[in-house]
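The structure appears right after this line, and notes come after that.
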Amino acid sequence: MDTKNLADLYSLPELDWANVQKTLDANVPQAPGTGGPNRHTYWLTTINPDGSPHMTALGALWLDGAFWFTTGARSRKGRNLARDPRCAISIAIHDFDLTVNGTAAQVIDPKAVAEIAARYAADGWPAKVDDTGQALTAEYSAPSAGPPPWHVYRITASTAMALGTVEPGGAARWRF
């Protein structure tokens with residue numbers, strides 16, 4: 001991994017990716033009143049057919065060093081990712097704001113899909129694996145996800161950038 005201190009202009013220390021991962025590994029809750037920032041904070045950007053960005057809020061998970069999310073094949077996110085897997089995901093939490101650029105791939109391994117369903121259920125969204133074993137279903141999801149089934153995606157990061165929001169501050173970019 002290559003790290004660049006984007007705040008050396010101000011003589012601020014380099015942010016440490018290990019600290020970012022540690023915070024994400026602690027499972028940042030999103031729902032109001034659950035100990036997180038009390039709002040849904042993940043934003044996903046995909047690329048529309050005309051090259052313009054499409055950004056939308058979504059419920060994502062951090063697991064095994066990657067971001068995971070769901071969407072339906074007919075949603076704009078799903079159609080955009082089927083055509084072009086490049087995307088960016090961001091989260092604003094107490095200690096830092098983070099953006100990760102990479103590619104999203106649909107996950108079809110039934111074991112991984114079941115693990116993601118269990119994680120979402122533990123976080124309060126009662127997702128279940130559908131009959132195919134390769135997608136999720138539930139009584140409801142975010143309106144932007146489209147109708148079920150919802151496919152699971154994993155983002156493979158190429159770069160990340162964080163801006164420290166607490167003293168001493170800082171900013172860094174990582175290339176993976």
Original post:
For Leu12, which fellow cluster members are found when Ile, Leu, Val, Met, Phe, Trp and Tyr are connected by side-chain heavy-atom distances below 4.5 angstrom, either directly or through intermediates?
Top reply: Leu9, Tyr10
Subject >> Heavy-atom closest pair, residues Gly146 and Ser75 >> reply: N-CB, 4.3 Å
Original post:
Quick one: side chain to side chain donor-acceptor pair (under 3.5 Å) partners of Asp50, sequence neighbours excluded?
Top reply: Ser52
Subject >> For Val166, the rest of its hydrophobic cluster, which grows through side-chain links under 4.5 angstrom >> reply: none
Original post:
Which other residues belong to the hydrophobic cluster containing Leu163, where Ile, Leu, Val, Met, Phe, Trp and Tyr are joined when side-chain heavy atoms lie under 4.5 Å apart, directly or via other members?
Top reply: none
**OP:** Looking only at non-hydrogen atoms, find the nearest pair between Pro149 and Ala135 and report the distance.
**Re:** CB-CB, 3.7 Å
Original post:
What residues form a side-chain contact (heavy atoms from CB on, under 4.5 Å) with Asp8, not counting sequence neighbours?
Top reply: Asn5
**OP:** Could you please spell out the steps behind the side chain to side chain contact (heavy atoms under 4.5 Å, CB included) verdict for Thr99 and Thr45?
**Re:** CA-CA 10 Å; Thr99 299; Thr45 303; over 6 Å; no
Original post:
Is there a path of hydrophobic side-chain contacts, each under 4.5 Å between heavy atoms of I, L, V, M, F, W or Y residues, that connects Ile89 with Phe176?
Top reply: yes
Original post:
CG/Leu6 to CG/Leu15 distance, rounded to the nearest 0.5 angstrom?
Top reply: 8.5 Å
Original post:
Under the salt bridge (charged side-chain N to carboxylate O under 4.0 Å, His left out) rule, what pairs show up with a residue in residues 89-118, not counting sequence neighbours?
Top reply: none
Subject >> Phe96 side chain near Asn19 side chain, heavy-atom distance below 4.5 Å >> reply: no
Subject >> Thr23 side chain near Ile93 side chain, heavy-atom distance below 4.5 Å >> reply: yes
Original post:
How close do Ala138 and Trp150 get, heavy atom to heavy atom, and via which atoms?
Top reply: N-CZ3, 3.3 Å
Report, one line per pair, each donor and acceptor closer than 3.5 Å where one atom sits in a side chain of residues 151-161; sequence neighbours left out.
| from | atom 1 | to | atom 2 | distance (Å) |
| --- | --- | --- | --- | --- |
| His151 | ND1 | Gln106 | NE2 | 3.0 |
| Ser158 | OG | Asn101 | O | 3.1 |
| Thr159 | OG1 | Asn101 | ND2 | 3.1 |

**OP:** Might you confirm whether atom CG of Asp131 has over 12 heavy atoms from other residues, nucleotides or ligands at distances under 6.0 Å?
**Re:** no
Subject >> Nearest heavy-atom neighbours spanning Pro53 and Asn48 >> reply: O-ND2, 3.4 Å
**OP:** Scan for side-chain hydrogen bond (donor to acceptor under 3.5 Å, both in side chains) pairs involving residues 134-143, sequence neighbours excluded, and state none if there are none.
**Re:** none
Subject >> Thr165 side-chain N/O to His94 backbone N/O, donor-acceptor pair under 3.5 Å >> reply: yes
Original post:
Going by the salt bridge (charged side-chain N to carboxylate O under 4.0 Å, His left out) test, which pairs reach into residues 166-176, not counting sequence neighbours?
Top reply: none
**OP:** Please list, chain by chain and in numerical order, all residues satisfying ring pair (Phe, Tyr, Trp, His ring centres under 6.0 Å) with Trp62, sequence neighbours excluded.
**Re:** Phe67
**OP:** Drop me the distance from Asp25's CG to Asp64's CG, to the nearest 0.5 angstrom.
**Re:** 9.0 Å
Original post:
Shortest non-hydrogen contact from Tyr120 to Ala127?
Top reply: CB-CB, 4.2 Å
**OP:** Provide the full list of salt bridge (charged side-chain N to carboxylate O under 4.0 Å, His left out) pairs with a residue in residues 75-85, sequence neighbours left out, each pair given once.
**Re:** Asp84-Arg86
Subject >> Rounded distance (nearest 0.5 Å) linking atom CD1 of Ile91 with atom CG of Leu24 >> reply: 6.0 Å
**OP:** Indicate the atoms forming the closest heavy-atom contact of Leu81 with Cys87, along with that distance.
**Re:** CD2-CB, 4.2 Å
**OP:** Quick one: pull up CG in Leu63 and CD1 in Ile116 and give me the separation to the nearest 0.5 Å.
**Re:** 5.0 Å
Subject >> By side chain to side chain donor-acceptor pair (under 3.5 Å) - contacts of Thr132 (at least two apart) >> reply: Asp130
Original post:
Where do Ile47 and Asn80 land on the side chain to side chain contact (heavy atoms under 4.5 Å, CB included) test, with the steps shown first?
Top reply: CA-CA 6 Å; Ile47 302 169; Asn80 283 350; 5.8 Å; no
